[in-house]
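Please read the structure below before turning to the comments.
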Amino acid sequence: MATTADFIEYVCEQISGIGEIRYKKMFGEYMVYVNDKPIFIVCNNTVYVKQNEVIKELMKTAETGFPYKGAKEHYILEIDNSEFAKIITSRLESVTEVPKKKKK
């Protein structure tokens, strides 16, 4: 089951107000960017967060899973808790770099 347009819009609404939010369809699913930094992978209406030291303590009881075959294990973010999702997003945004443009 692919992520629905309504769900990706909901994810963006839940974290609104913390920066410039956009999403991009990738490989049939979505990447959510905050201030041009890749923060979430959204697959099958599930929000996956890369495991990172800055959120380890906050996410210690979170479920984990694999967003796609061959991916590293990620935390699964409970996106319905908007305030918590914003905290996680802010922490990740502060340590994530803007991807460098690939040369053609």
Side-chain angles (χ1 to χ4, degrees):
M1 172 181 104
T3 298
T4 64
D6 287 342
F7 186 76
I8 194 67
E9 290 290 335
Y10 175 70
V11 169
C12 293
E13 288 171 18
Q14 289 296 91
I15 60 170
S16 66
I18 59 162
E20 182 184 328
I21 300 165
R22 67 181 176 88
Y23 58 88
K24 183 176 180 181
K25 195 161 187 144
M26 300 177 81
F27 311 112
E29 294 293 351
Y30 294 92
M31 176 67 73
V32 176
Y33 296 83
V34 176
N35 299 326
D36 291 324
K37 300 174 183 180
I39 303 297
F40 303 139
I41 297 172
V42 183
C43 299
N44 298 321
N45 287 350
T46 302
V47 180
Y48 292 91
V49 181
K50 187 174 183 178
Q51 294 182 353
N52 189 299
E53 197 63 35
V54 298
I55 60 170
K56 185 176 182 178
E57 187 63 28
L58 290 171
M59 297 293 286
K60 67 183 175 189
T61 61
E63 287 184 57
T64 60
F66 300 88
Y68 52 89
K69 187 177 180 179
K72 292 182 180 179
E73 188 172 36
H74 284 60
Y75 294 121
I76 296 175
L77 181 63
E78 180 53 55
I79 197 65
D80 292 334
N81 183 341
S82 179
E83 291 307 311
F84 183 71
K86 287 178 182 181
I87 290 167
I88 295 299
T89 304
S90 293
R91 286 195 179 190
L92 286 171
E93 192 276 338
S94 72
V95 298
T96 303
E97 294 183 16
V98 175
K100 294 178 182 174
K101 301 273 186 199
K102 293 183 180 179
K103 294 180 182 179
K104 291 184 179 183

**Study point:** Flag side-chain contact, heavy atom, 4.5 Å: Leu77 against Phe84
**Key:** yes
Point to revise | Shortest non-hydrogen contact between Tyr33 and Lys24, atoms and distance | key: CE1-CB, 3.9 Å
**Study point:** All side-chain contact (heavy atoms from CB on, under 4.5 Å) counterparts of Lys101, not counting sequence neighbours
**Key:** none
Check your understanding: Transitively linked via ILVMFWY side-chain contacts under 4.5 Å: Met26 with Phe7?
Key -> no
Check your understanding: When rounded to the nearest 0.5 angstrom, what distance separates CD in Glu93 from NZ in Lys86?
Key -> 14.5 Å
Revision key, fill the gap. Output for pair (Thr46 OG1, Phe40 CZ), nearest 0.5 Å, gives 13.0 Å
Practice item. Kindly say whether Gln51 contributes a backbone atom to a donor-acceptor pair with the side chain of Lys56 at under 3.5 angstrom? Key: no
Check your understanding: Between Ile39 and Met31, which heavy-atom pair has the shortest distance, and what is it?
Key -> N-SD, 4.4 Å
Check your understanding: Would you say the side-chain atoms of Glu29 pair up with the backbone N or O of Thr3, donor to acceptor, closer than 3.5 Å?
Key -> yes
Point to revise | By side-chain contact (heavy atoms from CB on, under 4.5 Å) - contacts of Asp80 (at least two apart) | key: Tyr10, Glu78
Study note, to complete from the structure: Heavy atoms of Gly19 and Val34 approach each other most closely as CA-CG1, 4.4 Å
Check your understanding: Do the side chains of Asn35 and Val98 get nearer than 4.5 Å, heavy atoms only?
Key -> no
Review point. More than 12 foreign heavy atoms under 6.0 Å from NZ of Lys37: is that the case here?
Key: yes
Check your understanding: According to a 4.5 Å side-chain heavy-atom criterion applied to Ile, Leu, Val, Met, Phe, Trp and Tyr, with indirect links allowed, do Val42 and Phe66 form part of one hydrophobic cluster?
Key -> no
Check your understanding: Is there a path of hydrophobic side-chain contacts, each under 4.5 Å between heavy atoms of I, L, V, M, F, W or Y residues, that connects Met59 with Val54?
Key -> yes
Check your understanding: What distance do Ser90 atom OG and Ile55 atom CD1 have between them, rounded to the nearest 0.5 Å?
Key -> 12.0 Å
Review point. Do the non-hydrogen side-chain atoms of Asn52 and Thr96 ever get within less than 4.5 Å of each other?
Key: no
Check your understanding: How close do Ile41 and Pro67 get, heavy atom to heavy atom, and via which atoms?
Key -> CG2-CB, 4.0 Å
Check your understanding: Of the non-hydrogen atoms in Lys25 and Tyr30, which two are nearest, and what is the gap between them?
Key -> NZ-OH, 3.7 Å
Check your understanding: Considering only heavy atoms from C-beta outward, does the side chain of Ile76 approach that of Tyr48 to under 4.5 Å?
Key -> yes
Check your understanding: Do the side-chain N and O atoms of Glu9 and Tyr23 include a donor-acceptor pair separated by under 3.5 angstrom?
Key -> yes
Review point. Is a side-chain N or O of Ser94 found less than 3.5 angstrom from the main chain of Arg91, in a donor-acceptor match?
Key: yes
Review point. What do the steps show when you test Val32 against Ile15 for side-chain contact (heavy atoms from CB on, under 4.5 Å), and what is the final call?
Key: CA-CA 10 Å; Val32 176; Ile15 60 170; 4.2 Å; yes
Check your understanding: How many angstroms lie between atom CD1 of Ile88 and atom CG of Leu58, to the nearest 0.5 angstrom?
Key -> 4.5 Å
Review point. Just how far is it from atom CZ of Arg22 to atom SG of Cys12, taken to the nearest 0.5 Å?
Key: 10.5 Å
Practice item. Report the distance from atom OH of Tyr68 to atom NE2 of His74, rounding to the nearest 0.5 Å. Key: 6.0 Å
